[in-house]
Amino acid sequence: MKKKLLSLLLAVVCVVSMAACGSGNDSGSAGDSQSQAESSGTDDADAEDASGEDSGEGGKLVMATNAEFPPYEYHEGDEIVGIDAEIAAAIAEELGMTLEIEDMAFDSIITAVSGGKADMGLAGMTVDPDRQKNVNFSDTYAKAAQVIIVKEDSEIAGPDELAGKKIGVQLGTTGDIYAEDIEDAEVERYNKGMEAVQALQQDKIDAVVIDGEPAKVFVAENEGLKVLDEPLTEEEYAIAIAKDNDELLEKVNTALASLKDSGKLDEIVAKYISADE
Ligand code: ARG
């Protein structure tokens, strides 16, 4: 009697457990569609929340950038290359993750990072208190400056002479923010720094305010322009990370520190910027 009860009980347990894992164990199409559903479910989670729980070992690390900013990020054929792209790749390697780069408008990067569409923003991005309301910044990895580009024969010789002038900037950059404060200046905002430089060449504007390293590249690539000696500001670049992602912030800072210690960071920079410039 007892035995019978036990086997009955066992049978019940079996039926229940089969039902529980039934859909997963179904053979054929039902099983396939389940695994498809599972994998597309994961994809959705990744898209919505590129960071969060998924950013563990072996996950992907999504970098938001604006690849119009040589030598930090720019297009070379189909590829996005530059100092930031290589730093991001080195960080991903340190963390055992796969780097994915998302190219977008510069003024979309903070939103992409704070909204979880990207894990981190690397875009020659200056640490700035307003931005810090929306994202956290890693330790800094480069010093930078806003400089002034003018035509070779320009009467503008320094920052004080920008008052009342037409100044071109890349939309949403610190150059945009500073130009805004220049007395009586008319600020022309372009989607790309290069477009501002072309406008200068065509005499549509009087000067361009932009970061020092891209300024050097743009002046070298375009006839008749020069960078003024005196910079407008001094700034530092860091990596933007979502406010709620302290885990990644810590990991990125650790990886950055190790890239600084090993000399790898200097090596990357030296590949794109020659010291004797
Ligand atoms: N450093 C400046 C800023 O943070 C300009 C950065 C522009 N970067 C770019 N990838 N377009 O506003």
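Heavy atoms only: backbone and side chains are in, while hydrogens, waters and symmetry mates are out. This is a predicted model, so every value here is computed, not measured. In listed order, ligands and their atoms are each counted from 1.
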Within a strict 4.5 Å, meaning less than it, do heavy atoms of the [X] and [Y] side chains meet?
X	Y	value
Asp119	Val113	no
Asp103	Ile80	yes
Ile167	Glu188	no

Between the side chains of Thr126 and Glu235, does any donor sit under 3.5 Å from an acceptor?
-> yes
For atom 5 (C) of ligand 1, grab the closest protein heavy atom and report residue, atom and distance to one decimal in Å.
-> Asp211 OD1, 3.2 Å
May I ask you to check whether Phe106 and Phe69 place their ring centers less than 6.0 Å from one another?
-> no
Would you mind finding which of Ile109, Thr174, Asn66 brings a heavy atom closest to atom 11 (N) of ligand 1?
-> Asn66
Compare Gly124, Ala123, Pro70 and give the one whose heavy atom is closest to atom 8 (N) of ligand 1.
-> Ala123
In terms of atom number and element, which parts of ligand 1 are under 4.0 angstrom from non-hydrogen atoms of Phe106?
-> 3 (C), 4 (O), 6 (C), 7 (C), 8 (N), 9 (C), 11 (N), 12 (O)
Please could you name the atoms of ligand 1 that Gln170 approaches to less than 4.0 Å, counting only its heavy atoms?
-> 7 (C), 11 (N)
Examine ligand 1 and decide if any of its atoms is less than 4.0 Å from a heavy atom belonging to [X].
X	result
Glu68	no
Tyr237	yes
Lys192	no

Within the structure, does Gln146 bring an N/O atom to less than 3.5 angstrom of an N/O atom in ligand 1?
-> no
Would you call Arg189 and Glu195 a salt bridge, using N to O less than 4.0 angstrom?
-> no
Is Tyr74 reachable from Ile87 through a run of I, L, V, M, F, W or Y residues, each pair having side-chain heavy atoms under 4.5 Å apart?
-> yes
At a non-hydrogen distance cut-off of under 4.0 Å, which region of Arg131 contacts ligand 1 (side chain, backbone, both, or neither)?
-> side chain
